[in-house]
Structure formats: structure tokens, C-alpha cells
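Predicted model only: the values in this text are computed from it and were never measured. Hydrogens, waters and symmetry mates play no part in the numbers below; they use all other heavy atoms, side chains included.
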Amino acid sequence: MHPFPLEPDRAAMTDMGRLVLDRVIDRTENLAARPASSLLSPEAEAELVESFLAPPPARGGDLKALLARLDEAADCALETAGPGHLAYIPGSGLYSAALAEFYNRAVNRYGGLASVAPALAALEESVIRWMARDVCGLPEGSGGLLTSGGSMATFSATVAARHNRLGEDLAGGTVYTTTFAHHSVAKAARLAGIPATRIRTVPHTPDLRMDPHAAAAMIRADRDAGLRPFLLVATAGTTDTGTVDPLSQLADLARREDVWFHIDAAYGGFFRLTARGEERLAGIEKADSITLDPHKTLFMPFGTGTLVVRDIAALHAAHDGTGSYLQDMGTAGGVPDSAHLGPELTHEIRGLRAWLPLHLHGVDAFREALDEKLDLAEHVHDTLSAVAELEVPQRPDLSTVIFRFRPADGSQAATERADEASRRLLERINGHRRIVLSSTVVDSRYTLRVCVVSHRTHHDRIAEALRIITAEVRSAR
């Protein structure tokens, strides 16, 4: 036995690595054939969950057996990496990003302060600048940080807005958002010290976009009442319907009213790489801050979020802090310390999981994949719109299509029956286990969603999904 079991030799590392790599390749190669949801019964699932709650043993086990157990755990889940995952906003996970993370975790460089690993910090900064300037159109001098996801990005943006507009006195600070904003927006405001009574829900227009006139009236009314409006949050691709708010109009409103303008583009932002996306997201370049999720529409592993800001100094002012134990740390030229731009001091180099795929595949490969998703969503919309029994309320801005059963007439009873039929329809569709859809509520109506985001979802799976949906609709007649 090796005298230091935590330090395997080269032969042992090679054997261990091959075991893991072979399993990963086998799983990835078979994703198209795998069920889109867990096949376990509720009883079997509960038993498996209970088994994984056990503490670790005193003496080590066999890696091959442990990997087999991990496969069991991974199978007890939605198959979020596969082509049939059309629920929520999928995060498919590039193989090349997984390789980047394997390298990154083994090298294990510290990412909070640039001087500790200056070249890798510069690598990360290059990814952030590309997202801020090339993707979002923010000016020179913009920047940001990579986060664990959109929720943390939105929280840091809210803290920056609060500090910039309210200073140390939060009294009367008021935030404006909509019904269709991600719930992390209101949560971020509460965590930043804004009471729920100061989080305004701006009415939306019939096409489900924030109403700029209503927002303006609410801001004026609150200001007249002695409150302090400081943050307006728009969405570039809502989770519910993929709808894009009128970004340019809202940016102009924010400028007139001197409030911070944040855009949640966690889902929609990277569609700016495409010509259609650039047109539909016009105005995003006017934001003070933007949330992006590379683990959505850049196909990165979960845990990859981004906050980009117009003025990096505003982010720094809100998050700066130090201690005497850091007095030996220097600077790394023009590369900022991410620890002074967000709440985390210790974190890994997050940029590598994006840098390697972008440099390996090239930006055009991502652009073409996103264009494909827009095409597929339009095909879903056109096909379902031709099904007489269904309502398809709007053409997709991005890659989410919503639909539901059409009521027999305009009565409340007919609407309730249609909603119940839509609930049963979702169960039957997902029961095929070839695809998974999800639902939401739009203007009090139970509504199904098809969200096409995975880089592994192509025309063949969408054609199969449409066959399943239409067959189940007709069987419910």
C-alpha cells in the first residue's frame, strides 16, 4: 500500500483517470438513447437517496465500485445533459468544458486575487471583457466577474446599484421589476436590505413585456411619496416565456429618472451572437449591469454565471474590502482582483471552463448552435399553431414556445377545464420519457413550455417531440 494514500503515484493516477474518463465518454456517447427522466419508482428513489445519506467509512473503498454508485445517483435525475431536456432552461454541459474543469481542478489555482495566478487571472478577464464588450456591446472600461450563477450575479448587481444610488442610507430605496422577472431579482433585493414592501411589480403589456409607461408612473408616484427609486430591472428572455422587455425604452426611462438599469439576460444574452438575437435584444448595451448565464446559452457546466457592468469602479466601490493578512499581495497590471468585485474572496479560476471551449471551437460554432435553436423554436411554434385544439399565444422572441389547450368557449368553467386538460397533457407527454417539458402560469392560465437550448438538441429530437405532443393532444379529444 502506498505510504501516502492521498498522493497516488503516476500509475495509480493513470488507472484512476482512465476509469473516470471511460465512464464519462460512455455516458456522453449514449445520451441520445437515455431516458429524459428517472426510471426509478418513488420507492426505489427514496431507498437510493437514503443510501447516499450514509457517512463515509473509516477505510477506503474501490474506485470502480464507487463510480458505479455515482452512476446510480446520476441516473436518479432529470437527464439535463441530454437532447430531450426541453424543460425550464436547459444546461447541457460541453465535453470540452468538462475537460477544462478537470485540468483546472487538478492544477487548483486560486482565483480571488490576480497576483496569485496573474496569467490565469488575465485569461479569466479576457472572457469577461469578451462577454461585456463583444457580446453585450458595453464600452471600453466595462468589466465584471464570473459567478456561481445568475442569482449571485444579480445579487452583486443589486448591491452595486444600492451603494451607487443610495449610499449607506437605505431608507425608502425602491426596486422595480415585473411578474415575469426571475424570482432571484426580488430575493437579491431582500438580501441587499430592501424590504419586500419596496419591491414594485410593474404591470406588463398584453404581449407580456414590462410596460414602460406604467414603470414611469410608478417611479414618479413613489418619488412624490418621498421614496427613493434606485433600481429598474428588465429581462432579456424571461424564464416563463422567453420574452424580451423593451430594453431601449426602459434604458431611456432609467436615465431620465436617474435609477440604475439592470438587465437579467441570464437566458437571452448570448443570443446576441446571432443576427436575430442582436436585433431582438437591442438596447442591452445601454444597461448599467447585465446578468449572463454561460451555463445556459453557452452550454457550459452548471455553476457558471457572469455579471458585467458598464462602470467597473461602481462594482469595486460596493464590494471592496481587505485584511492585514492580505498585505503581502501585490497587483497584476490591468487585471482586477475579482475578490473586490463580488462577495467571494476564495474561488477557483472560473474562466477556464469558458476560455478553452471558446478557443477550441471558435465563436462561430456557438453562433451557429444558437441560430439552430432559434430555428427549432420557430418550427415548434409553427407546428403547434396548426393544431386546432391548442392556443399558442405568441411567437417566440428566443427559443421558448408556450402552448395550452384552447377553451371550448369564453366561460370561466371552460377555461378551468382547459387548464386541467393541459395539466394532464404535460403528464402524458413526460410519461414517454423521451422528452421533458415544464409548465408555468401566464395571466392566470396553466401553460406548457418547450425550451430549446441544449447544444445536443437537433431537428430529429424536436420532430419526435412534436409527434409526441400532437399525438397526445389528439388522444385527449
*Asks:* Output the distance between atom CG (L426) and atom CG (L448), rounded to the nearest 0.5 Å.
*Replies:* 4.5 Å
*Asks:* Using a strict 4.0 Å threshold on nitrogen-to-oxygen distance, state whether R350 and E124 make a salt bridge.
*Replies:* no
*Asks:* For H459, what residues pass the ring-ring contact (aromatic ring centres under 6.0 Å, His included) criterion, not counting sequence neighbours?
*Replies:* H379
*Asks:* If you take all heavy atoms of A418 and R445, which pair is closest and at what distance?
*Replies:*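 Looking at all heavy atoms of both residues, the closest pair is CB-NH2, 3.9 Å.
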*Asks:* Holding to ring-ring contact (aromatic ring centres under 6.0 Å, His included), I want the full list of residues that pass it with F299, two or more places apart in sequence or in another chain.
*Replies:*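 In terms of ring-ring contact (aromatic ring centres under 6.0 Å, His included), with neighbours along the sequence ignored, F299 is linked to H455.
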*Asks:* Can you list everything that forms a ring-ring contact (aromatic ring centres under 6.0 Å, His included) with H319? Sequence neighbours excluded, please.
*Replies:*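 Checked H319 against ring-ring contact (aromatic ring centres under 6.0 Å, His included); zero matches.
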*Asks:* Taking the six-membered ring of Y103 as reference, does the cationic atom of R353 (NZ for Lys, CZ for Arg) lie under 6.0 Å from its centre and within 45° of its axis?
*Replies:* no
*Asks:* Can you give the donor-acceptor pairs under 3.5 Å from side chains of residues 36-46 to other protein atoms, not counting sequence neighbours?
*Replies:*
unit_1, atom_1, unit_2, atom_2, d
S37, OG, R433, NH1, 3.0
S38, OG, L40, N, 3.2
S41, OG, E43, OE1, 3.4
S41, OG, A44, N, 3.1

*Asks:* So which atom in T400 and which in C451 form the shortest heavy-atom distance, rounded to 0.1 Å?
*Replies:* OG1-SG, 3.4 Å
*Asks:* Quick check against the 3.5 Å criterion: does D288 have a side-chain atom that pairs as donor or acceptor with the backbone of F261?
*Replies:*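 Yes, because the side chain of D288 sits within donor-acceptor range (under 3.5 Å) of the backbone of F261.
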*Asks:* Could you tell me whether the side chains of T238 and D240 share a donor-acceptor contact shorter than 3.5 Å?
*Replies:* no
*Asks:* Find the distance between CG (L356) and OG (S96) and round it off to the nearest 0.5 Å.
*Replies:* 6.0 Å
*Asks:* Run the salt bridge (charged side-chain N to carboxylate O under 4.0 Å, His left out) test against R209 and tell me which residues pass, sequence neighbours left out.
*Replies:*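 Salt bridge (charged side-chain N to carboxylate O under 4.0 Å, His left out) list for R209, sorted by chain: D207, D397.
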*Asks:* Hey, is CD on E420 packed in by over 12 heavy atoms from elsewhere, all under 6.0 Å?
*Replies:* yes
*Asks:* Show every ring-ring contact (aromatic ring centres under 6.0 Å, His included) that has at least one partner inside residues 391-440, sequence neighbours left out.
*Replies:* none
